[in-house]
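All remarks here apply to the structure that follows.
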Protein chains: 2
Amino acid sequence: MTKRVTWQREAVRGALSSSDGFVSAQSLYSALRESGSPIGLATVYRALSDLAGEGEADSLQQEGESLYRACTPGSHHHHLICRNCGLTVEIEADAVEAWAASVAADHGFTQPSHVVDVFGLCANCQSLS
Amino acid sequence: MTKRVTWQREAVRGALSSSDGFVSAQSLYSALRESGSPIGLATVYRALSDLAGEGEADSLQQEGESLYRACTPGSHHHHLICRNCGLTVEIEADAVEAWAASVAADHGFTQPSHVVDVFGLCANCQSLS
DNA sequence: CTGCTATTGATAATCATTCTCAGCACTTTC
DNA sequence: GAAAGTGCTGAGAATGATTATCAATAGCAG
Ligand SMILES: [Zn+2]
Ligand SMILES: [Zn+2]
Ligand SMILES: [Zn+2]
Ligand SMILES: [Zn+2]
């Protein structure tokens with residue numbers, strides 16, 4: 001059951017880190033391939049899923065596909081995402097955390113979790129329109 | 001370009017309304033079929049997409065599929081959803097609306113929108129465990 | 001009723017994601 | 001170092017949801 005360190009996983013981790021915003025498994029795969037890496041698609045999916053499971057990456061679903069991003073490990077936070085270029089800013093929101101927890105409790109729900117994402121057009125993308 | 005009223009669309013609207021929580025297009029199709037309706041799958045998808053576009057239904061993505069729910073028309077609100085049975089409660093959150101708008105503005109993002117959903121286990125599902 | 005055209009639905013086509021499984025690559029054991 | 005054990009990889013098949021096709025059907029205006 002020992003976990004092994006392979007260049008494939010490191011390649012995915014590296015490619016993820018070098019991106020400003022959220023990326024899809026497919027586009028990450030294409031990018032790696034175009035940069036000369038012979039990595040396989042299934043491996044990219046596995047690596048991303050592992051990273052997300054270990055808390056080294058955050059993910060969100062958009063238009064039927066999962067997007068991933070290398071995020072500050074171990075910290076719960078949310079994202080402000082540019083709808084156009086994907087540029088992402090991590091945001092803290094203690095008030096929202098508390099609100100989510102209390103709303104669940106008020107209605108008798110336990111084991112609360114939440115999805116909170118803010119989208120918009122970043123300054124750069126606005127100037128291009 | 002006139003919109004026509006067909007029994008198919010009404011059937012989908014009705015089936016949606018009779019559900020407590022969010023449902024997938026596939027399960028709605030199955031339910032309709034089992035209740036004797038000869039409706040087609042593509043039509044269910046089209047009807048749901050139309051309802052969502054007209055603001056008569058809300059939708060959210062979960063585990064790679066779109067879920068729909070008949071919601072209070074014209075009102076912006078969020079949802080508290082039971083992870084187990086899908087039971088859904090509509091919730092207002094003016095504070096969160098304001099927070100989302102200001103967070104976007106603070107970082108120079110325009111045309112803000114947001115996704116805010118709270119999940120948990122409803123009282124009924126807790127007692128079954 | 002008649003004609004126009006939006007709508008329908010069986011089926012094929014897409015697309016992202018997962019599965020299969022044989023071959024490969026580290027590790028550990030002699 | 002060679003052999004054995006086992007996690008990892010990847011090409012391609014399989015899956016599952018959603019969308020596109022397109023000929024037949026059925027609202028609806030006149
Ligand atoms: Zn941008
Ligand atoms: Zn949070
Ligand atoms: Zn429940
Ligand atoms: Zn809101």
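Values below: every heavy atom of this structure, side chains too, minus hydrogens, waters and symmetry copies. Throughout, a chain's letter reflects where its sequence line sits, starting with A, and its residues are numbered from 1.
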Notebook entry, point to check: In terms of side-chain heavy atoms of B:L41, which of D:dT18, C:dT17, C:dT7 is nearest?
Noted result: D:dT18

Margin query: With side-chain hydrogen bond (donor to acceptor under 3.5 Å, both in side chains) as the test, pick out the partner of A:D58 among A:H78, A:H76, A:H77, A:R69.
Written below: A:H77

Checklist line | Under-4.0 Å salt bridge between B:K3 and B:E54 | finding: yes

Next item on the list: May I ask you to say what B:Q26 touches in the nucleic acid, namely base, sugar-phosphate or nothing, with a heavy-atom cut-off under 4.0 Å?
Entry: base

Checklist line | B:Q61 or B:V5, whichever maps to the more 5' nucleotide of DNA chain D | finding: B:Q61

Check: Rounding to a whole Å, what distance do you find between B:Q62:CD and D:dT18:C1'?
Finding: 17 Å

Item checked: Backbone of A:R13 reached by a side-chain donor or acceptor of A:S17 within 3.5 Å -> yes

Item checked: Distance in angstrom units between B:L51 CG and C:dT7 P, rounded -> 13 Å

Note to self: Of the options C:dT8, C:dT18, D:dT9, whose atoms approach the side-chain atoms of A:T43 most closely?
What the structure shows: D:dT9

Margin query: What is the separation between atom CD on B:E10 and atom P on D:dG27, rounded to the nearest whole Å?
Written below: 12 Å

Checklist line | Selected nucleotide, minimal atom distance to B:T6 side chain, candidates C:dT8, C:dA16, D:dG10 | finding: C:dT8

Item checked: Presence of B:Q8 side-chain N/O under 4.0 Å of D:dA26 phosphate oxygens OP1/OP2 -> no

Notebook entry, point to check: Heavy atoms under 4.0 Å, any strand shown: does A:S66 hit a base, just sugar-phosphate, or nothing?
Noted result: sugar-phosphate

Next item on the list: Take B:Y45 and B:W7, find for each the nucleotide of DNA chain D with the closest heavy atom, and name the residue whose nucleotide sits nearer the 5' end.
Entry: B:Y45

Next item on the list: Among C:dG9, C:dT20, D:dC8, find the nucleotide with the atom closest to the side chain of A:R46.
Entry: C:dT20

Item checked: Nearest-angstrom distance from the residue atom CG of B:L32 to P of C:dG9 -> 11 Å

Margin query: Is there a side-chain contact between A:Y68 and A:L51 in this structure, where contact means two heavy atoms from C-beta onward sitting under 4.5 Å apart?
Written below: no

Next item on the list: Among the candidates C:dT7, C:dG9, D:dA11, find the nucleotide nearest to the side-chain atoms of B:R9.
Entry: C:dT7

Note to self: Tell me the interatomic distance from A:R33, atom CZ, to D:dG10, atom C1', rounded to whole angstroms.
What the structure shows: 9 Å

Check: What's the CG-C1' distance between A:L28 and C:dA16, to the nearest Å?
Finding: 15 Å

Margin query: Distance check needed: C:dA16 C1' versus B:E63 CD, whole Å only.
Written below: 15 Å

Margin query: Looking only at the side chain of A:K3 (C-beta and beyond, no hydrogens), which of the listed nucleotides D:dC8, D:dG10, C:dT8 gets closest?
Written below: D:dC8

Next item on the list: Please round to the nearest 0.5 Å and tell me the distance separating atom CG of B:L67 and atom CD of B:Q61.
Entry: 8.0 Å

Notebook entry, point to check: Looking only at N and O atoms, is any donor in the side chain of B:R4 or the base of C:dT5 less than 3.5 Å from an acceptor on the other one?
Noted result: yes

Note to self: I need the CG-P distance between A:L48 and D:dT9, as an integer number of Å.
What the structure shows: 12 Å

